[in-house]
Amino acid sequence: MTDTETDPTMIWHKTVCVLCSNNCGVEVRLDERTITRVRGNKAHVASKGYTCEKALRIDHYQNARGRLTAPMKRLPDGSYIEVDWDTAIDEVAAGFQRVQSEYGADKIMYYGGGGQGNHLCGAYGAGTRKALGATRRSNALAQEKTGESWVEGRLFMAHTHGEFAEAEVAVFVGKNPWHSHGFDEARRVLKAIAADDSRSMIVIDPRRTETADLADFWLPVKPGGDAFLLAAIGAVLVEENLVDTEWLAQNATGSAETIAAFATVPIADFAERSGIDEDLVRKTARRLAAAESVSVVEDLGIEMAPNSTLISYLQRAVWLLVGSFGKPGGMTTHSSLAPLINYSATGNEPLDPVSGNAIISGLIACNDIADGMLSDHPERTRALLIESSNPVHSLAESEKFRQAMRAAEFSVVIDVAMTETAQEASYVLPAASQYEKVETTFFAAGFPENKATVRPPILEPLGDSLPEAEIHSRLAKALGVVTEEDLEPLRAAAEQGYEVFAEAFMGVAAANPALAGIGGVVLYETLGRTLPEGMAPAAVLWFSAQQLAMKQSDALRRAGFRGEGQALGTALFEALISNPDGVVFTKHEHGQSFDMLGTADQRVHLAIPELLDELRRLPEIPSDYTTDEFPFVLSAGERRSFTANTVVRDPAWRKKDAEGALRLHPSDAERVGVEAGARVRVTTRGGTAVAVAELNDTMMPGHISLPNGHGLAYSPAGGDPEIFGVSTNELTTTDWKDPIAGTPWHKYVPAQLEAVQS
Ligand SMILES: Nc1nc2c(c(=O)[nH]1)N[C@H]1C(S)=C(S)[C@@H](COP(=O)(O)OP(=O)(O)OC[C@H]3O[C@@H](n4cnc5c(=O)[nH]c(N)nc54)[C@H](O)[C@@H]3O)O[C@H]1N2
Ligand SMILES: Nc1nc2c(c(=O)[nH]1)N[C@H]1C(S)=C(S)[C@@H](COP(=O)(O)OP(=O)(O)OC[C@H]3O[C@@H](n4cnc5c(=O)[nH]c(N)nc54)[C@H](O)[C@@H]3O)O[C@H]1N2
Ligand code: SF4
Ligand SMILES: [Mo]
C-alpha cells in the first residue's frame with residue numbers, strides 16, 4: 001500500500017472554492033480539521049483544474065478564529081450568552097410569533113439566503129419564510145442586479161449571458177473579470193482572446209485594470225460617464241448604418257422606436273462628456289458591427305454608478321442592434337437548476353408599502369430597508385431573519401443598518417461567524433461551514449451546456465453548528481407547521497424508492513399547501529434520510545431536478561439523462577449528488593436561445609419606453625457629481641487579488657494589500673501631499689476613514705478606490721477583536737442610488753482627501 005492509501009493527510013478530497021460565484025472545483029488535503037493543500041480539480045466539468053490565487057488559502061475561511069459553535073442569545077446589556085439548541089429554537093420561534101401577532105406576519109423580513117458558494121440555505125430559508133408568513137424579502141442582488149433584472153425582464157422575460165470563451169468580440173462594461181471572474185476559467189479566456197488577432201476585447205473602465213491591459217480597445221470612461229458613451233456607440237451604429245436590420249425585423253419588436261431614439265443622440269457631445277475620443281467611439285461601434293458574435297457583461301462599475309438601469313439597457317440595445325443574440329459566441333438565454341432571481345419585470349412592479357418604491361424581482365431595494373425600519377411608518381418591518389449575509393457591513397451606510405437592527409423588535413442571524421450583523425441580532429444561530437455540509441450554488445448560466453456541482457461535506461460540523469437544512473427543519477417544527485405524523489408516511493414511501501416517494505410527495509403537496517410551502521424541509525426529513533451520510537440537505541434538489549425535467553426534458557436527455565416523468569428528474573438528482581466533479585445538467589442547440597425567451601411572441605422587445613425617454617433626456621442629465629467640497633470620485637469596494645466580500649474574515653489570508661490600500665493616481669497624491677504608504681484621510685457625505693495610500697498609475701486622476709471586504713472585526717490571537725482596513729460602507733449613504741432600481745452608487749461616491757500628519 002502506498003502512503004496515499006494509508007495516510008489520511010495524503011488523500012485529496014473533492015470540493016469547490018467558495019470565494020466567488022465561479023465555485024472552481026478543487027481538491028484539498030486535510031490534517032485533522034486543517035486544509036493543508038489546495039489544487040485545482042482537473043476533472044471538474046466547468047473549471048478543469050483552473051483556480052485563482054484566492055482558493056489556495058481557503059483554510060482561512062474554514063478555520064478562522066471566531067467561528068460560532070453554539071447558539072447565542074443577546075442579553076439586555078448587549079452581551080451574548082450561549083444557549084442550547086432547544087432553547088434557541090423555541091425562543092426564536094416564539095420571538096417571531098410575537099411579532100406576527102402584534103404587528104402581522106408581513107412585518108417580518110427575510111434577508112439573504114446564500115453567498116458565493118452556498119445556496120441550499122436559501123432553498124430551506126424559503127420554507128421558513130412561508131412558515132412565518134413573511135412575504136418581505138431582500139438580499140444582495142437588490143443592491144446590484146435588480147436594475148439589470150428589470151431590464152432583462154422587459155427585453156426578454158429571461159436572463160441572458162455571454163459566451164466569452166467563443167465570442168469574437170468580448171465586452172466588459174464596469175467589470176474586471178481578471179479579479180472578479182464571473183465566468184469559467186476567466187484568466188485563461190481573457191488571455192486566449194488577447195492572443196488571437198481575429199478576436200477583440202473591449203473594456204470600458206476608468207481604471208486601466210488587469211483586464212484593460214489585455215484589451216484591444218480600452219475605453220477609459222470618466223466615472224459616471226457610461227450612459228453617454230453607450231448612447232454614443234449605439235448612435236454611431238445607427239448613423240453609420242451598421243444596424244442589423246434584417247436580424248431585428250425577424251427577431252425583435254420595437255426596433256424603429258429604439259433606433260429613432262438613438263438617432264437623436266449628439267454623438268460628439270456625448271463622446272466628450274464620457275471622456276472618450278469620438279474616433280475611438282466610432283471604431284468601437286464598427287468593430288462590434290463587423291463581428292460574427294459579440295458577448296457583453298456588465299457589472300458593478302455601472303450597476304453601482306449613476307444611470308445604472310439606463311446603462312443596463314443601453315449596453316443590451318447595442319448588442320441587439322448588431323444582432324448578437326442566439327448565435328455561437330453571442331448572448332444567449334440559459335437553463336437554471338433553481339433561479340436565484342426572476343426576470344419577469346413588466347414595468348408595473350408592486351410597490352414597497354413603506355418606501356413606495358418598486359419591488360423588483362420580489363426583492364425590496366436594499367437601500368430602503370434601514371430607512372423604512374427607522375421610520376414611523378405603520379407598515380414598517382419589525383423583525384429580521386438574516387441568513388448567510390452581512391448587511392451591516394455590505395449595505396450602504398452601515399451605521400443606519402445597525403440602528404435599524406436595534407430598532408427591530410426581533411432579529412435572528414444564521415451565520416458561521418460573529419459578524420458585524422450578528423453582533424446586533426437578538427439570536428445568532430451557528431451554521432456549519434461550507435466544507436462541513438453538502439452545498440451547491442445556482443449561479444450557473446452556461447449555454448449550450450449548463451453545469452452544476454453538488455459537493456459533499458469534507459468535515460464534520462464544528463462544535464454544535466448545524467447545516468441550515470436542520471436549523472430550518474427545527475424551526476418549522478417549533479412553529480408547528482410540520483409534525484412527525486405528517487412526515488411518517490413520506491418516510492415510509494421514501495424507503496420504497498423514488499417512484500413511490502414521488503407519488504406520495506406530490507399527493508401530500510397537493511393536499512396540504514402548508515406542507516408544500518415547506519417542501520424543502522419535508523424532503524430533507526423524508527427523502528433526505530435515505531441519502532448517503534451527510535447528504536440529507538441535498539434532498540431539496542430532488543424537487544429542483546423534477547421541475548427542470550418538466551420544463552427542459554429534451555435538454556436533460558441531450559445531456560444524457562434517461563427516464564420518463566419523475567424518473568427523468570430523479571436521474572438528474574442522482575447524478576448531481578454523486579458527482580463532486582460536477583454534472584452537465586442541460587445541453588441545448590444554439591437556435592434554442594429563442595425558445596427560452598419568456599416573451600409571449602418569443603421575440604426580443606427592444607423598446608423600453610421609460611428608458612427611451614430617459615435616453616432622450618440624457619443631454620440634461622449631469623455626468624459629474626463632484627463638488628469643491630468633494631472633488632474626488634471614490635470607487636467604494638473594488639475587487640482585488642485578495643478580497644472575497646466578507647466570506648474570509650481573517651486578514652492573514654491576504655498575501656498582499658493587507659490593509660486594503662486607497663489607490664490614487666500619483667498626480668493626485670502630489671496634489672494632496674501624500675506619499676506612498678502614508679496615511680490618507682478620505683471623507684464623504686457619509687463619513688470619514690483613514691487608509692494607507694497606494695500611488696497607482698492605473699487610476700485616472702480624480703478617481704480613487706478602496707477595496708471591498710475589508711474593515712472586518714477580527715481577533716488574530718483571540719481576545720478583543722480589532723478592525724482591519726476600511727469598511728467602505730462607513731462612507732456611503734442610503735440616499736445615493738438609482739431612481740429606478742434603488743441600487744446604490746457605490747462606485748461613484750464624491751469624496752475629499754487629505755494627508756494625515758503622522
Ligand atoms: N476577487 C474578488 N472577486 C469577486 C468578489 C470579491 O469580493 N473579490 N466578489 C464577487 C461579487 S459579489 C461581484 S458582484 C463581482 C463584482 O465584480 P466587478 O464588478 O468586476 O468588480 P468591481 O471591482 O467592484 O468593479 C468593476 C470595475 O468597475 C470599474 N468602475 C468604477 N467606476 C466605474 C464607472 O463609472 N464606469 C465603469 N465603466 N467602470 C467603473 C472599476 O474600476 C472596476 O475595475 O465580483 C465577484 N468576484
Ligand atoms: N460599498 C460597497 N458595498 C458593497 C459592495 C461594493 O462593491 N461596495 N459589493 C456588494 C456586493 S456586489 C455584494 S454581493 C455584497 C455581499 O454582501 P453579503 O450578501 O452581505 O455577503 P457576504 O459579505 O458574502 O457575506 C456572507 C456571509 O455569509 C457567512 N457565511 C459563510 N459561509 C456560510 C454558511 O455556510 N452558512 C451561513 N449561514 N453563513 C455563511 C459569512 O460569514 C458572511 O457573514 O456586498 C455588497 N456591498
Ligand atoms: S475565487 Fe473564484 S475564480 Fe478564484 S478559485 Fe475561487 S471560485 Fe475560482
Ligand atoms: Mo455581488
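Numbers here are sequence positions counted from 1. Both ligands and their constituent atoms are indexed starting at 1 by order of listing.
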Got a second to check how far Asp738's CG is from Gln143's CD, nearest 0.5 Å? 13.0 Å
Non-hydrogen atoms of Asp205 and Trp218 that approach each other most closely: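 Taking Asp205 first and Trp218 second, the nearest heavy atoms are O-NE1, 2.8 Å.
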If the cut-off is 4.0 Å to any non-hydrogen atom of Leu300, which atoms of ligand 1 fall inside it? 14 (S), 16 (C), 19 (O), 24 (O)
Validation row: [X], [Y] side chains within 4.5 angstrom (heavy atoms):
{"X": "Leu753", "Y": "Thr683", "answer": "no"}
{"X": "Thr419", "Y": "Thr646", "answer": "no"}
{"X": "Glu468", "Y": "Leu120", "answer": "no"}

At a 4.0 Å cut-off, with the gap strictly under it, does some heavy atom of Glu436 reach an atom of ligand 2? no
Presence of salt bridge, Lys145 and Glu298, under 4.0 angstrom: no
Check this for me - ligand 1, Arg639, N or O atoms closer than 3.5 angstrom, yes or no? yes
Run down the list [options] and name the one with the heavy atom closest to [atom].
{"atom": "atom 25 (O) of ligand 1", "options": "Arg640, Glu638, His179, Lys747", "answer": "Lys747"}
{"atom": "atom 35 (O) of ligand 1", "options": "Ala636, Gly224, Gly637", "answer": "Gly224"}
{"atom": "atom 10 (C) of ligand 2", "options": "Glu303, Gln116, Gln143", "answer": "Gln143"}

For ligand 2, which atoms sit closer than 4.0 Å to a heavy atom of [X]?
{"X": "Thr419", "value": "44 (O)"}
{"X": "Glu144", "value": "12 (S), 14 (S)"}
{"X": "Asn118", "value": "33 (C), 34 (C), 35 (O), 36 (N)"}
{"X": "Asn645", "value": "14 (S), 16 (C), 22 (P), 23 (O), 24 (O)"}

Cation-pi check, Arg129 to Tyr110: give yes when NZ or CZ is under 6.0 Å from the six-membered ring centre and within 45° of the ring axis, no otherwise. yes
Got the closest protein heavy atom to atom 17 (O) of ligand 2, with its distance? Ser394 CB, 3.1 Å
